[in-house]
2 protein chains.
Amino acid sequence: MCRTYDGGVNASSYPSVPPDPLVEESDDAGDDRLGLRETKKRQTRLAMHRAAVELVAEHGFTPVTVEMIARRAGVSTRTFFNHWVTKDAAVLGVVPGESREIAASLRAELEVHGPRDALRHVLRDVLAGIPADPELRDLKKQVMSKEPRLHTISSGNLIEVQSELVEVLTEAMDGEDARMRAVIVVQVGFALTRSAFGFSMSTGMDLPSAYDRVIELYDAGLQDD
Amino acid sequence: MCRTYDGGVNASSYPSVPPDPLVEESDDAGDDRLGLRETKKRQTRLAMHRAAVELVAEHGFTPVTVEMIARRAGVSTRTFFNHWVTKDAAVLGVVPGESREIAASLRAELEVHGPRDALRHVLRDVLAGIPADPELRDLKKQVMSKEPRLHTISSGNLIEVQSELVEVLTEAMDGEDARMRAVIVVQVGFALTRSAFGFSMSTGMDLPSAYDRVIELYDAGLQDD
DNA sequence: CGAACTGTTGCATTGACTGCACTATTTTAT
DNA sequence: ATAAAATAGTGCAGTCAATGCAACAGTTCG
């Protein structure tokens with residue numbers, strides 16, 4: 001592609017924190033403890049995300065311009081880029097931040113489980129943290145299935161997280177090829193996550209369940225085919 | 001604005017492979033069966049690729065403009081885009097095309113091996129097919145290690161191939177979750193490929209060997225960590 | 001209430017990428 | 001060998017994503 005990316009990253013645990021994984025569901029109503037400013041910010045952000053998904057669902061990715069999205073969301077294009085690193089990010093709802101948090105939870109999991117399972121738990125949590133807005137989810141499903149480009153990007157955006165996780169895992173794995181093995185574990189972990197994503201998209205199953213099913217199939221001995 | 005006619009094509013001396021996954025080494029001399037036109041085309045393409053890699057190695061990805069690359073390669077920017085889909089593609093040397101071919105070889109391998117091993121063979125072959133131009137390889141190594149963005153992209157470019165392979169594998173796998181299992185096999189296959197890529201980049205080991213090592217580690221039971 | 005913040009915006013600019021029309025050269029058919 | 005069909009290279013005009021900067025307005029906090 002083109003333009004300037006720098007990969008914003010994505011998800012993590014859950015609500016509350018200012019540094020937010022994906023677009024959070026904020027209702028016009030609630031949110032009294034967040035301050036007017038923060039509330040408004042989230043509203044506009046959500047508005048943009050919505051607009052982006054809707055428009056892309058209508059016209060496809062390329063034909064939709066940032067200006068169109070901004071207009072529908074009722075903001076200026078400049079504001080648009082104050083919230084989203086790229087046009088893609090807005091469609092996917094990816095807010096930059098989080099790799100650090102994810103790495104932290106991996107570290108925590110490592111106290112309890114081995115590398116592979118620790119990573120699996122973390123990734124599952126991340127998936128579970130992705131909001132399942134009934135409206136948007138269906139739209140997104142359509143969009144993603146028709147716009148393979150977004151898959152690319154979404155996986156691309158994960159790269160920052162990946163390297164962070166590799167670091168953590170490398171520490172935890174001792175022996176000769178610690179780093180190399182860490183890389184493999186992470187790569188395979190993300191491969192399964194991506195599979196779950198696709199599975200979820202095509203079946204409509206929710207992400208965590210899809211993930212579980214994928215793990216199940218994988219462990220069942222896909223090895224031996 | 002940007003036209004230096006020095007025909008600055010420094011083609012290097014290497015055997016040429018007709019079905020080219022990446023930029024092929026074409027020699028000024030031998031190529032009698034390719035026709036003048038095709039020969040020149042490849043020369044300019046190679047020149048651009050070279051220029052791109054060199055410049056990015058010097059300045060990093062973002063600061064290098066297409067115009068700079070084109071100028072150094074002695075072509076117009078318009079010509080640049082006649083050859084490469086994007087700036088990234090030029091740096092990576094990715095010529096669009098052959099997902100069909102790869103799919104075909106997978107089909108062939110499936111006559112002999114099971115899904116997993118068939119895919120492994122195919123992927124290994126693809127890796128082996130990537131030209132190991134001594135000069136460029138080192139540069140590319142540098143570039144890739146300093147420019148994580150390119151990893152993203154390179155894996156992104158593979159997405160077309162991926163879905164093609166999934167199709168083929170799905171046919172070959174029968175049973176309930178054929179498609180899903182195919183997806184997983186492919187995703188994991190590519191995960192290992194990416195690992196090999198990283199391995200090769202950091203150690204300098206050639207790609208096929210790196211790939212073998214990765215497979216070895218993986219099969220050795222990374223599962224049980 | 002006043003000062004420090006911070007989100008929104010307009011403006012100007014860069015740079016990736018495309019469509020179109022044209023030239024020059026190679027290829028092919030006659 | 002020559003005319004006709006192809007096609008790589010090029011210039012030009014234009015679209016659109018993305019960024020820096022400066023000004024403004026509503027929010028928060030002392």
Side-chain angles (χ1 to χ4, degrees), chain A residues 1-8 18-20 26 31-48 52 55-56 59-71 73-92 94-96 149-150 153, chain B residues 1-9 26 31-48 52 55-56 59-71 73-92 95-96 149 153:
Chain A
M1 253 150 305
C2 38
R3 284 82 210 193
T4 323
Y5 289 116
D6 86 316
D20 32 49
S26 55
D31 285 333
D32 288 345
R33 62 196 54 184
L34 273 180
L36 223 179
R37 190 172 256 160
E38 187 63 19
T39 307
K40 275 192 171 181
K41 189 176 172 183
R42 298 196 178 197
Q43 278 179 11
T44 40
R45 180 169 297 171
L46 183 55
M48 287 186 272
L55 284 168
V56 171
H59 308 114
F61 185 81
T62 317
V64 172
T65 70
V66 170
E67 200 190 329
M68 290 166 69
I69 302 174
R71 190 194 316 284
V75 296
S76 71
T77 67
R78 196 61 188 79
T79 297
F80 179 94
F81 285 110
N82 280 341
H83 284 265
W84 313 99
V85 185
T86 61
K87 178 178 152 188
D88 321 284
V91 177
L92 292 169
V94 182
V95 174
R149 225 199 108 179
L150 292 178
I153 296 158
Chain B
M1 148 202 233
C2 48
R3 175 171 19 201
T4 324
Y5 230 22
D6 69 56
V9 184
S26 59
D31 283 330
D32 291 343
R33 62 197 56 186
L34 274 181
L36 222 181
R37 188 172 259 159
E38 186 63 19
T39 306
K40 276 193 170 183
K41 189 176 172 183
R42 298 196 176 196
Q43 279 180 9
T44 42
R45 179 169 298 172
L46 182 57
M48 287 186 273
L55 284 168
V56 171
H59 306 115
F61 185 81
T62 317
V64 171
T65 69
V66 169
E67 199 189 330
M68 291 166 68
I69 301 174
R71 193 196 313 285
V75 297
S76 70
T77 65
R78 195 63 188 76
T79 297
F80 179 94
F81 286 110
N82 280 341
H83 284 266
W84 313 99
V85 186
T86 62
K87 177 178 151 188
D88 320 283
V91 177
L92 292 169
V95 174
R149 227 200 105 177
I153 297 156

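Naming: A, B, ... by sequence-line order, numbering from 1 per chain.
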Within this structure, what is the [atom1]-to-[atom2] distance between [X] and [N], rounded to whole angstrom?
X	N	atom1	atom2	result
R71(B)	dG9(D)	CZ	P	18 Å
I69(A)	dA17(D)	CD1	C1'	11 Å
H83(B)	dT10(D)	NE2	C1'	12 Å
K87(A)	dC16(D)	NZ	P	9 Å
F80(B)	dT18(C)	CZ	C1'	14 Å
N82(A)	dA17(D)	CG	P	16 Å
M48(A)	dT9(C)	CE	C1'	13 Å
W84(A)	dT8(C)	CH2	C1'	16 Å

Output a table of nitrogen or oxygen pairs between the protein and nucleotides 11-13 of chain C separated by less than 3.5 Å.
none

Can you give me the closest heavy-atom contact between [X] and [Y], atom names plus distance?
X	Y	value
K41(A)	T44(A)	O-OG1, 2.7 Å
V56(B)	V91(B)	CG2-CG2, 3.8 Å
M48(B)	I69(B)	O-CG2, 3.7 Å

Between the axis at one end of the helix from dC1(C)-dG30(D) to dT30(C)-dA1(D) and the axis at the other (five pairs apiece), what's the angle to 10 degrees?
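Axis angle across the helix from dC1(C)-dG30(D) to dT30(C)-dA1(D), nearest 10°: 30°.
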
OP1 or OP2 of dT8(C) sitting under 4.0 Å from any side-chain N/O of T79(A)?
no

dT15(D), OP1 or OP2 - any side-chain N/O from T65(A) closer than 4.0 Å?
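The answer is no; no side-chain N or O of T65(A) sits under 4.0 Å from OP1 or OP2.
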
Once you round to the nearest 0.5 Å, how far does [atom1] of [X] lie from [atom2] of [Y]?
X	Y	atom1	atom2	value
H59(B)	T65(B)	NE2	OG1	10.5 Å
T79(B)	R45(B)	OG1	CZ	12.0 Å
R71(A)	S76(A)	CZ	OG	11.5 Å

Closest to side chain of V75(B), choosing from dA18(D), dT9(C), dT10(D):
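Selected nucleotide: dT10(D).
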
Any side-chain heavy atom of F61(B) within less than 4.5 Å of one from D88(B)?
yes

Do F81(A) and T86(A) have side chains that get closer than 4.5 Å, going by heavy atoms?
no

Would you kindly compare P63(A) and K41(B) by the position of their nearest DNA chain D nucleotide and give the one closer to the 5′ end?
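The answer here is K41(B).
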
Every protein N/O lying under 3.5 Å from an N/O of nucleotides 26-30 of chain C:
residue: dT26(C); atom: O2; partner: R37(B); partner atom: NH1; Å: 3.4
residue: dT26(C); atom: O2; partner: R37(B); partner atom: NH2; Å: 3.1
residue: dT27(C); atom: OP1; partner: L36(B); partner atom: N; Å: 2.8
residue: dT27(C); atom: OP1; partner: R37(B); partner atom: N; Å: 3.2

T39(B) side chain to G35(B) backbone, donor-acceptor under 3.5 Å:
yes

Taking CD in E38(B) as the centre, count heavy atoms belonging to other residues, nucleotides or ligands within less than 6.0 Å. Is the count above 12?
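Yes.
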
Which part of the nucleic acid, if any, lies within contact of T77(A), taking any heavy atom under 4.0 Å across all strands shown: a base, the sugar-phosphate backbone alone, or nothing?
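Answer is nothing: T77(A) stays at 4.0 Å or more from every strand.
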
Taking the six-membered ring of F80(B) (Phe, Tyr or Trp), confirm whether the NZ or CZ of K87(B) is under 6.0 Å from its centre and within 45° of its axis.
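No, a cation-pi geometry is absent between K87(B) and F80(B).
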
